[in-house]
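Chain A is the first sequence line, chain B the second, and so forth, proteins listed ahead of strands; every chain is numbered from 1. Predicted model only: the values in this text are computed from it and were never measured.
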There are 2 protein chains.
Amino acid sequence: MRTVDPAKHKARRQHIVRVAAELFATKGFERTTTAEICRAAGMSSGNLFHYFANKRAVFLAVFEDEDSDKTERLAAAEAAEDPWAALLEVVDLLAAPALEPLAPHLVMEAMVQAYRDPEVEEALSRDNAAEQRTVAVLLRRAAAAGRIDPDLDPDATASWVTTLIASLYTGAATDPAFKAAEQLPTLRLILTRYLRAEPR
Amino acid sequence: MRTVDPAKHKARRQHIVRVAAELFATKGFERTTTAEICRAAGMSSGNLFHYFANKRAVFLAVFEDEDSDKTERLAAAEAAEDPWAALLEVVDLLAAPALEPLAPHLVMEAMVQAYRDPEVEEALSRDNAAEQRTVAVLLRRAAAAGRIDPDLDPDATASWVTTLIASLYTGAATDPAFKAAEQLPTLRLILTRYLRAEPR
DNA sequence: GTCTATAATAAGATAGAC
DNA sequence: GTCTATCTTATTATAGAC
């Protein structure tokens with residue numbers, strides 16, 4: 001049957017991506033050898049390169065194959081009735097992966113690869129731009145509704161909001177004592193005080 | 001003379017460290033080859049390894065040889081009369097290198113190397129612990145003086161303060177549109193609103 | 001699709017002359 | 001202290017059989 005092959009192919013690819021993600025997270029892109037990926041995936045070198053053109057393609061697949069429902073949830077948040085509540089939901093949505101064990105290191109690895117590899121750069125910045133657009137929309141709506149400080153520039157502030165969320169990833173990646181799950185409430189507190197303060 | 005040799009040696013070492021820092025910042029540690037460092041420093045491979053035992057030693061020297069007056073200035077801030085003013089000065093002190101062109105990328109590189117290389121880890125965490133200690137001292141003093149929210153836990157908050165300062169580095173490193181110098185006032189605003197808010 | 005074997009090259013580091 | 005020459009090893013990727 002023809003219908004079985006593509007499914008099997010996809011599953012095998014995903015398996016490679018999954019084991020590679022763990023290696024990339026712990027050792028970084030450059031220090032992870034294709035031989036290690038092969039060993040972890042239980043296959044030969046010849047076979048790995050049957051699935052991916054090169055090592056970079058495996059790395060890119062780690063970030064591109066994560067087809068979650070994030071896009072839809074961001075769109076839903078933009079249209080939600082209460083912009084402030086929606087903003088807090090977006091924060092939780094974007095912060096959620098930081099609670100997983102591999103994500104912080106993977107995100108950091110992606111960040112450093114981004115300014116060295118245009119393809120990684122493009123993948124990341126597309127993602128980031130979408131997030132910032134949503135946050136900016138909600139900031140504008142919240143400001144119009146008198147729920148946040150109207151003196152804040154929506155675009156610059158949206159950039160800071162995503163940067164502050166990124167702190168959860170960098171904190172988790174760099175400080176072993178930093179538990180993202182425990183620190184999420186503090187992040188919410190910081191954002192709330194920053195955004196809702198009275199203008200001065 | 002014996003006194004000339006060590007000085008020359010030190011200057012030559014520093015020269016290597018300086019050109020290597022630029023390479024490490026733009027290409028990262030692994031993608032920077034010792035051959036490139038040699039070329040940039042204008043010397044042969046044999047000579048480079050006369051100054052440094054290996055490539056890692058060059059990388060470590062980038063961070064260890066920056067003998068600035070930071071330690072003294074931190075100590076002075078701890079003892080300053082006005083703890084809130086001193087805290088803001090510490091923020092400026094720790095944020096200052098982010099305005100330089102190479103530092104953000106170098107810091108990011110150091111952060112990712114830290115959780116892969118115990119020696120880098122140690123160098124960084126020693127630095128970080130000293131900063132956090134100073135910030136915690138000032139937070140306690142400011143709280144006692146009624147200048148900040150007394151409900152904030154000093155140690156956990158000190159960790160967040162340094163993490164937020166680090167955002168200036170990650171922002172500058174990952175977003176070409178992010179100008180650290182322009183964003184420093186916003187960082188101060190975020191910290192002020194976070195720390196000085198009335199307890200609720 | 002999967003393997004074995006290996007090509008091609010690059011990189012870190014050293015030896016030893018000057 | 002500095003160089004040239006080179007050793008050794010690791011690594012990505014390919015060729016070609018099954």
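Rounded to whole angstrom, the span from the CZ atom of B:Phe52 across to the P atom of D:dT2 amounts to 13 Å. One interatomic measurement links the two molecules: CD1 of B:Ile16 to C1' of D:dG1, which rounds to 11 Å at whole-angstrom precision. Summarising the geometry, the separation between CZ on A:Arg12 and C1' on C:dT2 is reported as 9 Å, rounded to the nearest angstrom.
Judged purely by atom type and a 3.5 angstrom limit, A:Glu36 uses its side chain to pair as donor or acceptor with the backbone of A:Thr33. For the pair B:His105 (side chain) and B:Ala173 (backbone), a donor-acceptor distance under 3.5 Å is present.
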- B:Arg56 vs B:Asp117, salt bridge (Lys or Arg N to Asp or Glu O under 4.0 Å): CA-CA, chis, key distance, verdict: CA-CA 9 Å; B:Arg56 277 178 64 228; B:Asp117 182 332; 2.6 Å; yes
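Partners of A:Phe49 according to the ring pair (Phe, Tyr, Trp, His ring centres under 6.0 Å) rule, which considers only residues two or more places apart in sequence or in another chain, do not exist here.
In this structure, the side chains of A:Trp160 and B:Leu187 come closer than 4.5 Å at one or more pairs of heavy atoms.
A side-chain hydrogen bond (donor to acceptor under 3.5 Å, both in side chains) check over residues 167-182 of chain A, counting only residues at least two apart or in different chains, returns the pairs A:Ser167-B:Ser167.
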- Task: Indicate for each nucleotide in nucleotides 5-18 of chain C, in 5' to 3' sequence, whether protein heavy atoms under 4.0 Å reach the base (B), only the sugar-phosphate (S), or nothing (-).
- Result: ------SSBBB---
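Dashed line: the shortest gap from a side-chain N or O of A:His50 to OP1 or OP2 of C:dG1 is under 4.0 Å.
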